[in-house]
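Just the heavy atoms: all of them, side chains too, but no hydrogens, waters or symmetry mates, feed the values below.
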Amino acid sequence: MGGFFGVVAKKNRNKDFDCTFDLFFGTDYHSHLGTRRGGMVVYGEDGFDRAIHNIENAPFRTKFDKDVHDMKGHMGIGCISDYEPQPLIVRSHHGTYAITTVSKINNVDQIVADIFAENQIHFLEMSGGEINATELVAAIINQKENLIDGIRYALEVVDGSLTLMLMTPKGVYVGRDKNGRTPAFIGEKDDAYCITFEDFAYRNLGYKDMKILGPGEIDVVTEEGVRTLAAPGTDMKICTFLWVYYGYPSSSYEGISVEKMRYNCGACLAKRDNVKPDIVAGVPDSGTAHAVGYSNASGIPFSRPFIKYTPTWPRSFMPTIQSKRDQIAKMKLLPVHDLIDGKSLLLIDDSIVRGTQLRETTEFLYESGAKEVHIRPACPPLVYGCKYLNFSRSRSEMDLITRRVIVKLEGTEDVSEEVLKEYTDPNSEKYDKMVEEIRKELNFTSLRYNRLDDLLEAVGLPAEKLCTYCWNGEE
């Protein structure tokens with residue numbers, strides 16, 4: 001998906017204030033959100049200075065270790081990107097600026113066609129023939145006479161999601177997605193402000209909470225302070241998967257702790273369950289807190305029957321090719337045989353997408369002597385491909401195990417929306433058949449998904465403020 005971090009020195013700053021240290025570590029704290037590119041741009045006496053590196057085979061810190069000592073500036077923006085290289089430096093009629101985005105743009109072709117019709121302009125294609133989404137957002141902004149109108153227009157015209165930071169020599173603009181699907185925070189300390197996707201990213205750097213941007217809100221952060229340029233809207237559809245999977249345990253969104261939500265989620269799973277395993281375990285790392293919540297609510301001991309080997313394989317090392325991701329996911333899990341052999345295990349994962357990794361994990365546990373493996377995904381069945389975040393680079397909903405099973409059960413790929421709705425209803429016969437077929441295909445002893453109503457209860461926000469599209473198809 002991606003994340004970002006920005007720093008702006010205050011007017012009363014020490015003349016020697018340099019944002020690069022804060023920018024480096026604040027950006028690095030977003031490494032759990034992206035796997036492909038990292039980038040930083042600072043602005044100082046010598047103008048803009050940028051560095052972008054590939055982080056597929058080495059973590060952000062090691063790639064930018066030299067840059068953090070060479071770059072100097074009193075403000076800067078950085079990002080971890082799951083796909084396109086960024087931040088970009090753009091020269092336009094607005095002047096020169098740097099821009100970074102967290103986005104998923106579904107209407108790329110229409111936007112490009114509209115821009116071509118109005119302007120003589122070109123885009124540089126990335127590998128695979130796609131247009132850099134951040135470059136496209138800059139082109140949208142440049143259609144308007146000033147930056148504020150341009151950012152507002154970009155937030156409005158993008159179908160999907162868009163949250164961005166844009167840095168000029170005067171300050172950093174931040175615009176949150178019009179439906180608040182992804183977050184944006186501003187923090188403050190004595191000599192600087194920061195802008196961030198993850199609120200925990202600034203705490204160890206000395207910043208305190210200042211504000212959470214609302215949906216569609218646009219602010220500008222300068223050495224003089226923080227000004228709101230576009231007031232927040234009232235309609236919120238923040239991604240529920242931020243709590244289930246994306247968010248780091250120490251994160252919070254809309255005031256709701258990720259770790260606490262996952263405990264709540266596990267407790268909801270436990271209250272509806274009737275199996276009595278020997279131990280409860282979570283698939284590292286995102287399933288662990290859900291499992292703790294289940295254990296606390298059920299009284300069944302929590303254990304770690306396998307350990308994730310992270311010294312050389314943290315998440316940021318995961319390749320983008322799915323077959324290699326599956327292989328590395330298997331390599332990263334090391335068994336603790338004394339906690340597996342002869343045991344009945346209840347295993348919680350954040351979700352089941354394709355099912356490949358969890359099937360291999362289950363087989364691995366059986367081979368290690370497990371007597372039973374009960375699977376409890378922390379969220380409902382994923383029936384719809386996400387339209388709003390880059391949850392995966394899959395281009396087909398048939399990559400979802402639920403869709404493949406539904407086609408098998410219905411005997412046709414032409415499944416109506418009305419029939420799909422039956423498969424998302426946990427009280428329907430079709431839902432039960434789908435779950436049982438998935439259980440058999442993946443060789444689980446038993447399978448029970450979390451219910452959507454329980455998941456929303458675990459978050460604690462009003463249902464109308466949460467996006468649930470991937471589970472029920474409702475926008």
Under a 3.5 Å cutoff, is there a donor and acceptor pairing between the side chains of Thr35 and Asp82? yes

Salt bridge or not between Arg176 and Glu254? Use side-chain N to carboxylate O under 4.0 Å. yes

Within the supplied structure, the quantity of interest is the number of heavy atoms (other residues, nucleotides, ligands) at a distance under 6.0 Å from Lys260 NZ; does it exceed 12? no

Residues Lys433, Glu436: salt bridge by 4.0 Å N-O rule: no

Would you check if there is a donor-acceptor pair between the side chains of Asn106 and Tyr388 at a distance under 3.5 Å? no

Look at the rings of Trp243 and Tyr253 and say which category their plane angle falls in: under 30° parallel, 30 to 60° tilted, over 60° perpendicular. perpendicular

Can Lys237 and Glu474 be counted as an ion pair, charged N to O under 4.0 angstrom? no

State the CG-CD1 distance between Leu442 and Ile375, to the nearest 0.5 angstrom. 8.5 Å

Relative to each other, are the rings of Phe5 and His30 parallel, tilted or perpendicular (30° and 60° limits)? tilted

Under 4.0 Å between a side-chain nitrogen and a carboxylate oxygen: does that hold for Lys271 and Asp454? yes

Between Tyr423 and Glu410, is there a side-chain heavy-atom distance shorter than 4.5 Å? yes

What I want to find out is whether Glu217 reaches Arg152 closely enough, with some N-O distance under 4.0 Å, to be called a salt bridge. no

Counting neighbours of NZ on Lys211 that are heavy atoms of other residues, nucleotides or ligands and sit closer than 6.0 Å, is the number greater than 12? yes

Evaluate the ring planes of Phe200 and His32, with Trp represented by its six-membered ring, and classify them as parallel (under 30°), tilted (30 to 60°) or perpendicular (over 60°). tilted

Is there a donor-acceptor pair closer than 3.5 Å between any side-chain N or O of Ser298 and the backbone N or O of Ile300? yes

Taking CZ in Arg61 as the centre, count heavy atoms belonging to other residues, nucleotides or ligands within less than 6.0 Å. Is the count above 12? no

Does the plane of the ring in Phe364 sit parallel, tilted or perpendicular to the ring in Phe306? Use 30° and 60° as the thresholds. tilted

Would you say that Phe185 contacts Ile195 through its side chain, given a criterion of any heavy-atom pair below 4.5 Å between the two side chains? no

